[in-house]
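Heads up: numbering here begins at 1 and tracks the sequence.
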Amino acid sequence: MKPKDDDKQQAIASATFALVAQVGLSGLTMAAIAREAGIATGTLYVYYKSKEDLLNALYEQVKGALARLITEEATAAMPFRARFQRNWLLLLRHRQAHYAETVFMEQYYNSPWFSEASRQFSARFTGECLGFFDEARAQQIVKDVPTMLLAASFFGSVRETANLLRSGDLQDTEAALAQAFSIFWDGIKA
């Protein structure tokens, strides 16, 4: 059996992300993905047996890259506020640089295609992140509120700040980003 071509896999991924940003998951078809990727629809089915298989694989790819981004550099020696700020900024910049992937990930997570395997994969990543919030809460650095509320505040702040930058309603300056992070931090600090 001929090995799968990395360039074709990347073209399929890029086409899928671009199309989801344009038409959403519901409007996504395998034929449109193949056309956008510049391959035959039959070739696409050699790589992925179904739309669901494709979506599951791409979610794990994108979520895995995001998890590696956050956990790649151990920052345990840094003070909590600096760690929060570092991760906040990393996620913000990642979101800006990979907008179509982010749209895909959010739509997929909230779709009927979100599989049990993807749910378990996501839980492993989320567990690592939530441990960080739990540790900060245990040390009374952040408010004693449910961990998921802290996480929602964190990720929501990143998402909305990125949206403001994308729309041009917030200038992409060090001072503006420091203010945006400060608003988030002031909301969760103990």
Side-chain angles (χ1 to χ4, degrees), residues 1-37 39-72 74 87-88 90-92 94-138 145-160 162-163:
M1 177 182 225
K2 183 179 171 186
K4 294 181 180 175
D5 182 328
D6 289 342
D7 290 339
K8 281 185 184 159
Q9 285 184 312
Q10 184 54 48
I12 292 166
S14 295
T16 303
F17 300 142
L19 286 170
V20 169
Q22 293 171 16
V23 301
L25 281 179
S26 295
L28 188 66
T29 65
M30 295 294 270
I33 294 168
R35 194 171 34 257
E36 182 77 14
I39 61 174
T41 304
T43 302
L44 179 55
Y45 282 103
V46 169
Y47 285 81
Y48 301 98
K49 64 183 178 189
S50 66
K51 179 178 172 179
E52 184 175 356
D53 183 44
L54 169 64
L55 297 178
N56 292 339
L58 292 181
Y59 179 76
E60 288 193 16
Q61 174 187 320
V62 172
K63 190 77 166 191
L66 198 55
R68 285 187 298 280
L69 176 73
I70 300 273
T71 59
E72 211 164 61
N87 289 341
W88 186 90
L90 276 174
L91 287 173
L92 178 74
H94 183 272
R95 188 175 186 93
Q96 289 178 292
H98 304 280
Y99 177 74
E101 289 178 17
T102 301
V103 169
F104 164 79
M105 200 164 45
E106 288 177 352
Q107 286 192 22
Y108 175 74
Y109 183 82
N110 293 296
S111 78
W113 290 286
F114 193 58
S115 70
E116 184 56 35
S118 293
R119 192 174 313 285
Q120 290 173 8
F121 181 84
S122 184
R124 285 192 303 275
F125 166 73
T126 303
E128 291 177 30
C129 288
L130 297 183
F132 174 67
F133 292 114
D134 288 338
E135 187 181 348
R137 195 177 67 226
V145 299
T147 301
M148 292 307 286
L149 190 54
L150 291 170
S153 180
F154 179 81
F155 291 111
S157 174
V158 169
R159 181 185 60 246
E160 294 308 316
N163 288 343

So, [X] side chain and [Y] main chain: donor-acceptor pair closer than 3.5 Å or not?
X: K51; Y: L25; value: yes
X: T102; Y: H98; value: yes
X: R68; Y: G64; value: yes

Candidate list I12, D53, L54, test side chain to side chain contact (heavy atoms under 4.5 Å, CB included), partner Y47, passing option: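 It is I12; the other options fail the test.
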Using residues 56-63 as the side-chain source, report each donor-acceptor pair under 3.5 Å to any protein atom, sequence neighbours left out, with the distance given to one decimal.
residue : atom : partner : partner atom : Å
N56     : OD1  : Y108    : OH           : 2.2
N56     : OD1  : S115    : OG           : 3.4
N56     : ND2  : E52     : O            : 3.2
Y59     : OH   : S122    : OG           : 3.2

Residue pairs involving residues 16-35 (criterion side-chain hydrogen bond (donor to acceptor under 3.5 Å, both in side chains); sequence neighbours excluded):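 Residue pairs passing side-chain hydrogen bond (donor to acceptor under 3.5 Å, both in side chains), neighbours aside: none found.
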Working for side chain to side chain contact (heavy atoms under 4.5 Å, CB included), residues L55 and Y48: CA-CA 9 Å; L55 297 178; Y48 301 98; over 6 Å; no
Heavy-atom pair with the smallest gap, counting every atom of H94 and L66: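 For H94 versus L66, the nearest heavy atoms are ND1-CD1, 3.5 Å.
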Nearest heavy-atom neighbours spanning A15 and E36: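 Closest approach of A15 to E36, heavy atoms only: CB-CG, 3.4 Å.
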Enclosure of Y109 OH (heavy-atom neighbours >12, cutoff 6.0 Å):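 Count not over threshold, so no.
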Partners of [X] by side chain to side chain donor-acceptor pair (under 3.5 Å), sequence neighbours excluded?
X: N163; value: none
X: E135; value: none
X: W88; value: S157

Set of residues satisfying salt bridge (Lys or Arg N to Asp or Glu O under 4.0 Å) with respect to E160, sequence neighbours excluded: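 Partners of E160 by the salt bridge (Lys or Arg N to Asp or Glu O under 4.0 Å) criterion come out as none, since no residue qualifies.
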